[in-house]
Amino acid sequence: MTPFSEKVIQIIASIPAGKVLTYGAIATAAGNPRAARQVVRLLHSSTVKYDLPWHRVINSQGRIALKDATAVCEQEAMLAAEGIHPGPRGRINLKQYLWTEVLSPH
DNA sequence: CTGGTGACTTATC
DNA sequence: AGATAAGCCACCA
């Protein structure tokens, strides 16, 4: 377990319901702006072990990064259940839903 | 060790 | 807005 991993896990675990975070944002907050892919890997791994809100993590486009339409639909449903309503084509308004508390040190 | 791959990102066109 | 390309980094065969 590297410090980066712990931070990523901690950040993801602290995302409040109704908010989302992008892979890049998490990577940056964890100290590695280039580690978006590692965030993905960690998230995928840790989701199985821990109980992380993986559905609140999306890509920089404000879009669900999954490829399987079925899984995307499921994630959309989970987000909707938390008050996040994507646009007509599945686009999420980052300006409104992006969680900035952890990105901007208060 | 080498090469392929990915729930990514940014830059161009 | 959608498609392509290149960059980046850890993990696995």
Side-chain angles (χ1 to χ4, degrees):
Chain A
M1 213 46 166
T2 69
F4 176 76
S5 310
E6 291 187 32
K7 197 146 188 177
V8 171
I9 302 302
Q10 186 178 351
I11 291 172
I12 296 175
S14 333
I15 304 176
K19 290 289 180 181
V20 297
L21 225 48
T22 66
Y23 297 99
I26 295 172
T28 302
N32 291 26
R34 322 272 178 179
R37 314 195 78 129
Q38 283 60 273
V39 172
V40 170
R41 217 166 262 286
L42 277 170
L43 177 60
H44 199 63
S45 306
S46 309
T47 298
V48 187
K49 301 184 179 72
Y50 309 85
D51 189 26
L52 298 178
W54 60 273
H55 53 272
R56 295 184 195 138
V57 184
I58 56 182
N59 62 13
S60 64
Q61 305 291 303
R63 200 129 159 62
I64 299 173
L66 288 171
K67 294 175 181 175
D68 301 282
T70 308
V72 173
C73 193
E74 292 297 310
Q75 181 161 356
E76 262 188 60
M78 281 189 281
L79 292 176
E82 305 198 338
I84 300 175
H85 303 289
R89 275 219 277 60
R91 271 185 146 274
I92 292 173
N93 186 344
L94 292 178
K95 286 292 186 184
Q96 181 178 358
Y97 295 115
L98 184 66
W99 188 44
T100 53
E101 301 287 304
V102 74
L103 305 179
S104 309
H106 183 268

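In what follows, every chain begins at residue 1, and chains take the letters A, B, ... in the order their sequences are listed.
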Excluding sequence neighbours, so at least two apart, what forms side chain to side chain donor-acceptor pair (under 3.5 Å) with A/Thr70?
-> none
Scan residues 89-99 of chain A against DNA chain B and write down, sorted by residue number, each residue with any heavy atom closer than 4.0 Å; if none is found, say none.
-> none
With sequence neighbours excluded, residues passing side-chain contact (heavy atoms from CB on, under 4.5 Å) with A/Ala36 | A/Tyr23
Check side-chain contact (heavy atoms from CB on, under 4.5 Å) between A/Ala80 and all other residues, then give those that pass, not counting sequence neighbours.
-> A/His85
Give a yes or no answer on whether the side chain of A/Asn32 reaches the backbone of A/Arg34 with a donor-acceptor pair at less than 3.5 Å.
-> no
Ignoring hydrogens and geometry, is there a side-chain-to-backbone donor-acceptor pair from A/Ser5 to A/Met1 under 3.5 Å?
-> no
So [Y] and [X], do their side chains get closer than 4.5 Å, heavy atoms only?
| X | Y | value |
| --- | --- | --- |
| A/Val57 | A/Val20 | no |
| A/Thr28 | A/Leu103 | no |
| A/Met78 | A/Arg56 | no |

Rounded to the nearest 0.5 Å, how far does [atom2] of [Y] lie from [atom1] of [X]?
| X | Y | atom1 | atom2 | answer |
| --- | --- | --- | --- | --- |
| A/Asn59 | A/Leu66 | CG | CG | 9.5 Å |
| A/Gln61 | A/Thr22 | CD | OG1 | 10.5 Å |
| A/Ile64 | A/Ile92 | CD1 | CD1 | 5.5 Å |

Heavy-atom contacts under 4.0 Å between [range] and DNA chain C, which residues?
| range | value |
| --- | --- |
| residues 51-88 of chain A | none |
| residues 38-46 of chain A | A/Gln38, A/Arg41 |
| residues 15-26 of chain A | none |

Which part of the nucleic acid, if any, lies within reach of A/Arg37 when heavy atoms closer than 4.0 Å are counted: base, sugar-phosphate only, or nothing?
-> base
For a quick test of reading the model, state the closest non-hydrogen atom pair linking [X] to [Y] and the distance between them.
| X | Y | answer |
| --- | --- | --- |
| A/Ile11 | A/Ala30 | CD1-N, 4.1 Å |
| A/Val102 | A/Leu21 | CG1-CD2, 4.2 Å |
| A/Phe4 | A/Ala35 | CZ-CB, 3.4 Å |

Side chains of residues 38-55 of chain A: which donor-acceptor pairs under 3.5 Å do they make with residues two or more places apart or in other chains?
| from | atom 1 | to | atom 2 | distance (Å) |
| --- | --- | --- | --- | --- |
| A/Ser45 | OG | A/Arg41 | O | 2.8 |
| A/Ser46 | OG | A/Leu42 | O | 2.8 |
| A/Thr47 | OG1 | A/Leu43 | O | 2.4 |
| A/His55 | NE2 | A/Glu82 | OE2 | 3.2 |

Under the salt bridge (charged side-chain N to carboxylate O under 4.0 Å, His left out) rule, what pairs show up with a residue in residues 19-28 of chain A, not counting sequence neighbours?
-> none
Pairwise salt bridge (charged side-chain N to carboxylate O under 4.0 Å, His left out) hits with a residue in residues 60-78 of chain A, at least two apart = none
Show the distances under 3.5 angstrom between N or O atoms of the protein and N or O atoms of nucleotides 11-13 of chain B.
none

First and last nt of DNA chain C near chain A, cut-off under 4.0 Å to heavy atoms, 5' to 3', are C/dA1 to C/dC11
Find the distance A/Ile12:CD1 to B/dA7:P and express it as a whole number of Å.
-> 15 Å
